Amino acid sequence: MAQGITKRSEDYSRWYLDVIAQADLAEHSSVKGCMVIKPNGYAIWEKIQAQLDKMFKETGHVNAYFPLFIPESYLRKEAEHVEGFAPETAVVTHGGGKKLEEPLVVRPTSETIIWSTYKKWIQSYRDLPILINQWANVVRWELRTRLFLRTTEFLWQEGHTAHATADEAETETRRMLEVYRRFAEEYLAMPVYTGVKTEAEKFAGAVRTYCIEAMMQDRRALQAGTSHNLGQNFARAFDVTFQNEVGEVDYVWATSWGVSTRLVGALIMSHSDDNGLIIPPRLAPLQAVVVPIWKSDEQMAKVVAHVSELTSTWKGLLDFKVDDRDQYRPGYKFNEWEKRGVPIRIEIGPKDIENNEAVLVRRDSGEKISVPQERLLDTIFSQLDAMQSALFERALALRQTHTFEQDDFSEFRKQIEEPGGFFWVHWCGSEKCEAAFQETSKATIRLIPFDERREDGRCIVCGAASSQRVLVAKSY
RNA sequence: CGAGGCGUAGCGCAGCCCGGUUAGCGCACUUGACUGGGGGUCAAGGGGUCGGGAGUUCAAAUCUCCCCGCCUCGACCA
């Protein structure tokens, strides 16, 4: 069936790379660790961007742009932040043929340049809140890279907000986490768990990091988005103060939150199958493709004319394409659009025209149905909706059947290898026991849930008292 | 950086051990014909610094040395 795509069961990571190659999403560039995002891949990112941008605007945010280059000294101002990012920065030492007085760091994230700017913008509580987002590229000098999931340069959005109170900042942090959760579930059709990162896993410079975590088809966890409550850490580092309503001077409260082109990787690994990419309809750059079928030249003219007549009213209502290329046969086209993940394929040939019908094929199930032509557009819409939910349900079912509660450490260590999955385990909260997970099983604590999973138990590592289970899994 | 593997046409590879015609195969590409409801067939074509450099030799893709790059696996991370 699918040539050029390794089966998931054979080699999951090769399957992932094959799907990307066959769908023509991206390729490695001549620069190590960097990728070229090709039109098909970039179109998906544009759909992600468009929807998220809308959601950010709906929550009161505006877009701005801050520079790519950050004076090295800025990065050093927040102790934890520099410790976290210094090892993975690219540094520019020369410009215009001369050595720079101060090296410039290529941003790994923009907190420092933004807070050095916010300092100038904020005097009074009346200047707050500042709710800014930026779409940008960032660079992190990663040792091991994988297309979309981890590349040296990647595209993302980073929200950076400034608030008058701790409560307000916390509310903002949680609100944006909720935006990410909704986007993941309603658009990516990818169920996620939400929660708090442990101290070890949190963002360098944050007070608290919240995250969404999704299960990929190989049962590993993928962190798909993070939202940080930065407290007053950056305000202190950059001396950003304001006068509140009662005239007192205080440091400003901050948040930051981001998702990246990694989401494209998440989309691929959540839904695609051994025949190639599957894109959830709501994020599909092309929702439907129409393949006219003919034998003779006269038939071709007739069928193509009929199809163009039929689809003339679709424009603006549906993202579709009529594939009337004469140099490829229908079977070839079916396969090609399948590999590219187009949700719905419509076949219209002489027989269909005679019967006033069309054949509709869904990418996720392969199901073929005959539809009267006058109901075709409505059926496409209803099938797109059905497919969107079906993808979510399928992903949810996978997660449900591979999420376990486990109280025995040696049993856990066995199960994390086979069958693998997510494990809710009791943890005492110590770094030592957290490290034990990693060393013995290569799994990490993905998150501490909010109010769920509260119950008395004993730490799976050391046996000390625990009041809540945490989510542990192998991750990307 | 530690371990393993690989660089030969756009892609995937064979040839290398044991040096010797014009470097070959599959896919892709071009032209034409027949075809056309699940990756068509036939015919004719185009395309190569054999990763780079040096050496050995009458002769190097093949042997030797140096260099470069990439991939997979381990130590860092959205």
Side-chain angles (χ1 to χ4, degrees), chain A residues 1-5 11 13-14 17-18 21-22 24 27-33 83-89 107-109 136-158 180 197 200-204 206 209 211-214 221-228 256-266 275-276 291-300 303 324-339 345-355 357-361 366 368 370 438-439 442 444 446 475-476:
Chain A
M1 271 286 271
Q3 291 168 31
I5 299 179
D11 184 341
S13 45
R14 258 186 60 198
L17 293 170
D18 288 346
Q22 294 294 320
D24 214 16
E27 62 186 46
H28 288 105
S29 81
S30 51
V31 181
K32 186 173 158 57
E83 201 186 318
F85 285 104
E88 49 181 285
T89 52
R107 64 181 165 219
T109 178
N137 58 338
V138 286
V139 167
R140 297 182 187 176
W141 217 257
E142 300 290 349
L143 301 171
R144 252 173 84 43
T145 58
R146 302 186 72 184
L147 290 176
F148 290 112
L149 298 176
R150 174 164 297 107
T151 45
T152 298
E153 179 191 13
F154 58 95
L155 306 182
W156 76 345
Q157 61 63 219
E158 42 180 330
Y180 290 156
K197 282 292 184 194
E201 297 276 331
K202 77 170 191 196
F203 176 76
T209 291
C211 63
I212 56 173
E213 295 278 335
L222 183 77
Q223 178 175 309
T226 50
S227 182
H228 317 289
S256 68
W257 27 272
V259 296
S260 70
T261 34
R262 170 179 267 197
L263 289 181
V264 178
N275 294 324
V291 180
I293 289 153
W294 59 76
K295 286 193 166 72
S296 60
D297 281 358
E298 310 91 83
Q299 252 182 2
M300 170 176 160
V303 174
D324 57 4
R325 292 174 297 175
D326 193 23
Q327 68 268 39
Y328 297 111
R329 291 159 49 109
Y332 180 92
K333 296 178 185 176
F334 296 169
N335 190 260
E336 176 170 30
W337 295 113
E338 224 158 63
K339 288 189 302 189
R345 179 177 78 238
I346 304 294
E347 302 169 18
I348 298 180
K351 285 182 239 160
D352 300 301
I353 292 176
E354 227 171 85
N355 302 327
E357 284 187 335
V359 175
L360 182 154
V361 187
K368 292 191 181 189
S370 278
Q438 267 200 73
E439 284 158 27
K442 288 184 207 155
T444 49
R446 301 316 302 157
S475 74
Y476 277 96

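Scope of the values below: all heavy atoms of this structure, side chains included, with no hydrogens, waters or symmetry mates. Small disclaimer: the values here were computed from a predicted structure and weren't measured. Naming convention: chains lettered A, B, ... in sequence-line order (proteins, then strands); numbering from 1 in each chain.
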Any strand, both distances under 3.5 Å, Watson-Crick or G-U wobble: B:A60 pairs with none
Spacing of the P atoms in B:U22 and B:C67 (rounded, Å):
34 Å
Here the pair of heavy atoms bringing A:Thr226 nearest to A:Cys211 is CG2-CB, 4.2 Å
Using the C1' atom on both, measure B:A23 against B:G74 and round to a whole Å.
39 Å
Applying a 4.0 Å non-hydrogen cut-off, can you work out what A:Leu222 is touching in the nucleic acid: base, sugar-phosphate, or nothing?
nothing
Assigned partner base of B:C50, Watson-Crick or wobble definition, under 3.5 Å
none
In whole angstrom, give the distance that lies between atom CZ of A:Arg146 and atom C1' of B:A78.
15 Å
Name the nucleic acid region contacted by A:Lys333, choosing base, sugar-phosphate or nothing; use a 4.0 angstrom heavy-atom cut-off, strictly under.
nothing
Hey, does the side chain of A:Thr209 reach the backbone of A:Phe203 with a donor-acceptor pair shorter than 3.5 angstrom?
yes
Donor-acceptor pair, A:Arg140 side chain versus A:Thr151 backbone, under 3.5 Å?
no
Could you tell me the separation between the CZ atom of A:Arg329 and the P atom of B:C42, rounded to a whole number of Å?
13 Å
For atom P, what is the distance between B:U64 and B:U57, given to the nearest Å?
16 Å
With centres under 5.5 Å and planes under 30° as the test, does A:Phe154 stack with B:A78?
yes
Which heavy atom of A:Gly366 sits nearest to which heavy atom of A:Val361, and what is that distance?
O-CG1, 3.8 Å
Please evaluate the base of B:G38 for a donor-acceptor partner in the side chain of A:Arg345 within a cut-off of under 3.5 Å?
yes
Nucleotide N/O of nucleotides 29-31 of chain B paired with protein N/O under 3.5 Å:
residue	atom	partner	partner atom	Å
B:C29	OP1	A:Tyr328	OH	3.3

Same-atom distance (C1') from B:G45 to B:C50, integer angstrom
23 Å
Whole-Å gap separating P (B:G38) and CG (A:Asn335)
12 Å
Run the ring-centre check on A:Phe148 versus A:Tyr476 and record whether the distance is less than 6.0 Å.
no
Please report the distance, rounded to the nearest Å, between CZ in A:Phe334 and P in B:G38.
6 Å
Can you name the closest pair of heavy atoms from A:Tyr328 and A:Lys333 and give their distance?
O-CE, 3.4 Å
Counting any heavy atom closer than 4.0 Å, what does A:Glu347 reach on the DNA or RNA strands: base, sugar-phosphate only, or nothing?
base
Does any N or O donor sit under 3.5 Å from an N or O acceptor when you compare the side chain of A:Lys368 with the base of B:G38?
yes
Check this for me: does the side-chain of A:Gln299 come within 3.5 Å of the base of B:G36 through a donor and an acceptor?
no
Answer with base, sugar-phosphate or nothing: what part of the nucleic acid does A:Gly258 contact at a heavy-atom distance below 4.0 Å?
nothing
Please work out if A:Ser370 contacts a base, only the sugar-phosphate, or nothing of the nucleic acid, heavy-atom cut-off 4.0 Å.
nothing
For the side chain of A:Gln157 and the backbone of A:Val259, is there at least one donor-acceptor N/O pair under 3.5 Å apart?
yes
Rounded to whole angstroms, how far apart are CD1 on A:Ile293 and C1' on B:G38?
10 Å
Distance between P atoms of B:G2 and B:C66 (Å, rounded):
16 Å
Nucleotide paired to B:C6 in any strand shown, Watson-Crick or G-U, under 3.5 Å:
B:G69
Would A:Arg345 and A:Glu336 count as a salt bridge (Lys or Arg N to Asp or Glu O under 4.0 Å) if you check the C-alpha gap in whole Å, the side-chain angles of each, and the deciding distance to 0.1 Å?
CA-CA 11 Å; A:Arg345 179 177 78 238; A:Glu336 176 170 30; over 6 Å; no
What nucleic acid atoms does A:Arg14 come within less than 4.0 Å of, heavy atoms only: base, sugar-phosphate, or nothing?
nothing
If you look at every heavy atom in A:Gly84 and A:Pro87, which pair is closest and at what distance?
O-CD, 3.8 Å
Using Watson-Crick geometry (N1-N3 plus N6-O4 or O6-N4) or G-U wobble (N1-O2, O6-N3), each under 3.5 Å, B:U22 is paired with none
For the P atoms, the ones on B:U35 and on B:C16, what distance do you get once it is rounded to whole angstrom?
45 Å
When the distance from CG of A:Asp18 to P of B:C11 is rounded to whole Å, what number comes out?
16 Å
Suppose you measure atom C1' in B:C65 against the same atom in B:A60; what distance do you get, rounded to whole Å?
15 Å
Nearest-angstrom distance from the residue atom NZ of A:Lys351 to P of B:G37
9 Å
Give A:Val359 one of three labels, base, sugar-phosphate or nothing, depending on what nucleic acid heavy atoms sit under 4.0 Å from its own.
base
Any N/O pairs under 3.5 Å between the protein and nucleotides 69-76 of chain B? List them or say none.
residue	atom	partner	partner atom	Å
B:C73	OP2	A:Arg144	NH1	3.3
B:C73	OP2	A:Arg144	NH2	2.6
B:C76	O2	A:Glu142	OE1	3.4

Looking at A:Lys351 and A:Asn355, would you say the former's side chain and the latter's main chain have a donor-acceptor pair under 3.5 Å?
no
If pairing means Watson-Crick or G-U wobble with both distances under 3.5 Å, then the partner of B:G45 is B:C29
Counter-base of B:G74, judged by Watson-Crick or G-U geometry with both distances under 3.5 Å:
B:C1
Counting only heavy atoms from other residues, nucleotides and ligands, does the tally under 6.0 Å from CH2 of A:Trp156 exceed 12?
yes
If you check every side-chain atom of A:Glu338, which of B:A78, B:G36, B:G38 has the closest atom?
B:G38
Can you check the A:Asp297 CG to B:G36 C1' distance for me, whole Å?
11 Å
Would you say A:Gln299's side chain and A:Lys295's backbone share a donor-acceptor pair under 3.5 angstrom?
yes
How far, in whole Å, is B:A33 from B:C27 if one measures between their C1' atoms?
22 Å
